[in-house]
Structure formats: C-alpha cells, structure tokens
**Q** 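Got a structure for you, questions after.
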Amino acid sequence: MTGVMDARFLDRARPLGATVALSESMARRLRAADFGDVRVVPPMIDLDAWPYLPRPQGYPVVLFAGHHDPRGGAETVIDAAAEAWREGARFRLVLAVRARPGQRTGLLEEALRERAGAAGLPDVEVLGHVEDMRELITSVHVLLYPPDSLGGKADIPLTVLQSLASGRPAILSDLPQFADFGHAVLRAPAGDARRTGQQLAWLLDQPRSWDVLAERGRSLAEDHFGPERFAARYAALYRELLA
C-alpha cells in the first residue's frame with residue numbers, strides 16, 4: 001500500500017489478509033479503516049546503485065522533485081527559496097516537476113517560472129520529466145521537499161531515499177510519514193515557506209552541518225531502507241503467513 005490519495009477510497013476496499021504499509025502513518029490509517037492486520041515494511045533502495053558521493057564543487061544547486069499536485073510543494077519551494085535568498089543565501093534552484101495525465105504541462109511550468117520571477121529569484125530552472133535522475137541528484141547540494149500533503153505519492157517518495165543515500169541533505173515538511181527520519185533530515189512545518197527558507201539558508205552556510213547531515217542520511221538509508229533489511233522483513237512475514 002504505497003499511498004492513498006483520498007481516505008474515502010478505503011471505504012470500498014476490503015483486505016484479503018495481511019496488508020503491508022510503507023510507514024506507520026499509513027498503517028494507522030489502514031487500521032482505522034478496519035484493515036485489521038497491517039504490517040509495516042519500509043521501501044527499499046538499491047544502495048549499490050546510489051553510492052555515497054562527496055559534496056559537489058562549485059555554485060550550490062537546490063533541487064525540488066515532485067509532481068504538479070495541489071499542495072505538492074512546488075509553490076512552497078519557490079517561496080522558501082525566495083526567503084533564503086533574502087537571508088543572503090546564493091544558489092540555483094532546479095524544479096523537476098512531472099505532470100499527471102491530463103494536465104497542461106506547459107501552462108503549469110510557466111506558472112512556476114512566473115512565480116519565481118515575481119519572488120525575485122534570478123536563477124531558476126523548471127524541468128519536466130528527467131531521464132537520468134541519478135545524474136541530477138548527485139549534481140545538487142540540497143533536496144528541498146516540503147509538500148503540504150503527499151496525495152497519491154508513496155509515503156516515502158523514492159527521490160528522498162535516493163538523495164539521502166547519495167549523501168545529499170534533505171529539508172522536508174513535518175509530515176507524519178517523515179517522522180522516523182529523526183535527525184537525519186531537517187524538517188519544517190508543512191506549508192511554512194519562511195521556516196523552510198531559513199533552514200535552507202542556514203544549511204548552505206554551514207559546511208560542517210552539511211557534512212553531518214550527509215553522513216546521517218546515508219546511514220539512515222543503509223540501516224532502514226537497504227536491500228538486506230527489506231528482504232529480511234518480507235521473509236519473516238512470508239514464513240509467518242505460510243506456517
């Protein structure tokens with residue numbers, strides 16, 4: 001069970017047995033919808049495919065990767081980046097925003113560019129679908145992902161795990177799905193662009209803190225989202241259900 005866009009959809013679903021959720025937050029929602037036996041198995045990331053890399057050289061780049069979803073975070077990122085810029089931080093903002101079926105991508109991307117221009121951000125690039133996310137993520141300094149709601153996305157979006165595994169610190173919104181990340185990330189209240197921007201400005205100005213968060217993020221990916229732990233959890237579940 002990766003994500004539920006509207007909790008009312010659960011009213012029409014009935015479990016056939018044990019249900020697997022990706023986070024404790026989703027597990028609580030499923031249990032409240034009478035799903036009964038709900039187990040939590042966090043998603044997996046291929047640590048070999050996403051090795052830890054040193055900090056990129058040169059002018060800092062800040063990345064947002066998501067969808068053109070209502071409350072999905074893209075607008076908050078622009079406002080937060082503008083706040084960080086006002087506080088003296090200097091960086092390039094990259095928005096890798098994918099469209100949902102039926103959305104008018106060109107208009108949505110232009111709206112983001114106009115918002116960035118109105119906010120006074122001088123160096124912003126808006127991308128659509130990115131063919132090589134590995135190249136993009138490893139080229140950036142910080143992942144900024146502050147949605148108000150995850151909507152139809154997985155409880156723990158893969159881009160977040162990829163960034164942490166690569167040693168790229170993340171600033172996330174304070175959603176329940178991210179609570180278990182602890183001190184491996186920075187978090188700000190959902191929708192609070194001012195606080196998010198302040199954290200971004202602080203992080204870009206603190207190389208030592210950047211290094212600490214990069215190391216913590218990689219350790220979190222290894223300890224909680226690596227293939228061995230993922231396989232062990234499913235193996236234990238299968239053994240129990242088949243006994």
Side-chain angles (χ1 to χ4, degrees), residues 2-3 5 22-23 25-26 42-53 55-56 60-78 80-81 91-100 103 105 108-109 112 124-181 184-188 190 196 199-200 203 210 213-214 216-222 224-227 230:
T2 59
M5 187 170 290
L22 299 185
S23 71
S25 174
M26 178 57 69
M44 183 202 78
I45 181 167
D46 185 345
L47 298 170
D48 292 334
W50 293 90
Y52 182 91
L53 297 172
R55 183 197 335 224
V61 179
V62 176
L63 172 67
F64 168 81
H67 285 85
H68 288 288
D69 291 336
R71 305 171 63 205
E75 291 79 8
T76 301
V77 161
I78 291 173
F91 54 90
R92 179 168 172 254
L93 178 63
V94 176
L95 301 164
V97 194
R98 289 168 290 171
R100 301 287 190 186
Q103 289 181 330
T105 307
L108 293 169
E109 291 179 353
L112 293 177
V124 178
E125 182 178 10
V126 180
L127 307 174
H129 175 71
V130 176
E131 290 292 339
D132 192 344
M133 283 299 296
R134 182 180 292 103
E135 180 180 3
L136 177 60
I137 288 175
T138 56
S139 72
V140 308
H141 294 69
V142 178
L143 175 73
L144 200 56
Y145 188 68
D148 291 5
S149 170
L150 289 178
K153 295 184 71 63
D155 279 13
I156 303 175
L158 191 57
T159 302
V160 174
L161 297 183
Q162 292 166 343
S163 298
L164 296 178
S166 301
R168 301 298 178 257
I171 302 175
L172 311 176
S173 49
D174 196 12
L175 296 178
Q177 292 91 335
F178 302 141
D180 292 340
F181 284 25
V185 300
L186 297 179
R187 293 193 296 159
T196 304
Q199 289 186 331
L200 176 60
L203 183 58
W210 190 100
L213 282 170
R216 287 177 179 173
R218 176 65 185 192
S219 295
L220 177 74
E222 291 175 345
H224 294 279
F225 303 103
F230 180 83

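We count residues from 1, following the sequence as given. On a predicted model such as this, the values are computed, not experimentally measured, just so you know.
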**Q** For residues Leu22 and Asp155, report the shortest heavy-atom separation together with the two atoms involved.
**A**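 Minimum heavy-atom contact is CB-CB, 4.2 Å.
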**Q** Run through Val124, Val126, Val140 and flag the one making a side chain to side chain contact (heavy atoms under 4.5 Å, CB included) with Leu93.
**A**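 Option passing the side chain to side chain contact (heavy atoms under 4.5 Å, CB included) with Leu93: Val124.
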**Q** For the CG atom of Leu144 and the CZ atom of Phe91, what is their distance to the nearest 0.5 Å?
**A**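 Rounded to the nearest 0.5 Å, the CG-CZ separation comes to 8.0 Å.
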**Q** Answer yes or no: is there a donor N or O on one side and an acceptor on the other, between the side chain of His141 and the main chain of Arg55, under 3.5 Å?
**A**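 The answer is no, because no donor-acceptor pair under 3.5 Å joins these two groups.
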**Q** Give the minimum heavy-atom separation between Leu158 and Met44, together with the two atoms involved.
**A**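 Closest heavy-atom pair between Leu158 and Met44: CD1-O, 4.3 Å.
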**Q** Could you report the tightest heavy-atom contact between Val77 and Leu95, atom names first, then the distance?
**A**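 Smallest heavy-atom distance, with atoms named: CG1-CD2, 3.7 Å.
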**Q** Between Leu150 and Phe178, does a side-chain contact (heavy atoms from CB on, under 4.5 Å) hold up when you go through it step by step?
**A** CA-CA 11 Å; Leu150 289 178; Phe178 302 141; 4.2 Å; yes
**Q** Please round to the nearest 0.5 Å and tell me the distance separating atom CG of Leu53 and atom CD1 of Ile137.
**A**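 Those atoms lie 11.0 Å apart.
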**Q** With sequence neighbours excluded, tell me which residues meet side-chain hydrogen bond (donor to acceptor under 3.5 Å, both in side chains) with Arg134.
**A**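 Scan of Arg134 (side-chain hydrogen bond (donor to acceptor under 3.5 Å, both in side chains), adjacent residues dropped) gives none.
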**Q** Indicate the ring-plane relationship of Phe181 and Phe225, choosing parallel, tilted or perpendicular according to the 30° and 60° boundaries.
**A**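 Ring orientation, 0 to 90° scale: perpendicular.
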**Q** Do you know the tightest heavy-atom contact between Tyr145 and Val160?
**A**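 In terms of heavy atoms, the two residues are closest at CD2-CG2, 4.1 Å.
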**Q** Rounded to the nearest 0.5 Å, what separates atom NE2 in His224 from atom OG in Ser219?
**A**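 Rounded to the nearest 0.5 Å, the NE2-OG separation comes to 9.5 Å.
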**Q** Counting N and O atoms only, with roles assigned by atom type, does the side chain of Ser163 sit under 3.5 Å from a partner on the main chain of Arg168, one being a donor and the other an acceptor?
**A**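 Checked: no pair found.
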**Q** Run the side chain to side chain contact (heavy atoms under 4.5 Å, CB included) test against Asp174 and tell me which residues pass, sequence neighbours left out.
**A**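 For Asp174 the side chain to side chain contact (heavy atoms under 4.5 Å, CB included) partners, ignoring immediate neighbours, are Arg187.
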**Q** Begin with the C-alpha distance, continue with both residues' side-chain angles, and end with the deciding distance and a verdict on side-chain contact (heavy atoms from CB on, under 4.5 Å) for Val130 and Glu135.
**A** CA-CA 10 Å; Val130 176; Glu135 180 180 3; over 6 Å; no
**Q** I need the minimum non-hydrogen distance between Asp148 and Ala190, along with the two atoms involved.
**A**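 Heavy-atom minimum between the residues: OD1-C, 3.7 Å.
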**Q** CG/Leu164 to CG/Leu143 distance, rounded to the nearest 0.5 angstrom?
**A**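 Reported to 0.5 Å precision, the distance equals 7.5 Å.
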**Q** Using side-chain heavy atoms (C-beta onward) and a distance below 4.5 Å, is Ile45 in contact with Gln162?
**A**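 Counting from C-beta outward, Ile45 and Gln162 do come under 4.5 Å.
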**Q** As an exercise, state the distance from CG of Leu47 to CG of Leu161, rounded to the nearest 0.5 Å.
**A**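 Spacing of CG (Leu47) from CG (Leu161) equals 9.5 Å.
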**Q** Write down the atom of Trp50, the atom of Ser166, and the distance for their closest heavy-atom approach.
**A**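 Heavy-atom minimum between the residues: CE3-OG, 3.3 Å.
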**Q** Could you pull out all residues at least two apart from Tyr52 that satisfy side chain to side chain contact (heavy atoms under 4.5 Å, CB included)?
**A**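 So Tyr52 forms a side chain to side chain contact (heavy atoms under 4.5 Å, CB included) with Ala214, Glu215, Arg218.
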**Q** Taking Ile171's backbone N and O only, do any of them form a donor-acceptor pair with Gln199's side chain (distance below 3.5 Å, no angle check)?
**A**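 No; judged by distance alone, with no hydrogens or angles, the pair does not exist.
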**Q** Quick one: does Trp210's side chain get under 4.5 Å of Val142's, heavy atoms only?
**A**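 Sidechains of Val142 and Trp210: in contact.
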**Q** Rounded to the nearest 0.5 Å, what separation is found between the CZ atom of Arg92 and the OG atom of Ser139?
**A**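 Rounded to the nearest 0.5 Å, the CZ-OG separation comes out at 8.0 Å.
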**Q** Are Val61 and Pro56 side-chain neighbours, meaning at least one heavy-atom pair lies under 4.5 Å?
**A**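 No, side chains not in contact.
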**Q** Less than 4.5 Å apart, side chain to side chain, heavy atoms only: is that true for Leu175 and Pro147?
**A**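 Side chain of Leu175 against side chain of Pro147, heavy atoms only: contact under 4.5 Å found.
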**Q** Where do Gln103 and Leu108 land on the side-chain contact (heavy atoms from CB on, under 4.5 Å) test, with the steps shown first?
**A** CA-CA 8 Å; Gln103 289 181 330; Leu108 293 169; 3.8 Å; yes
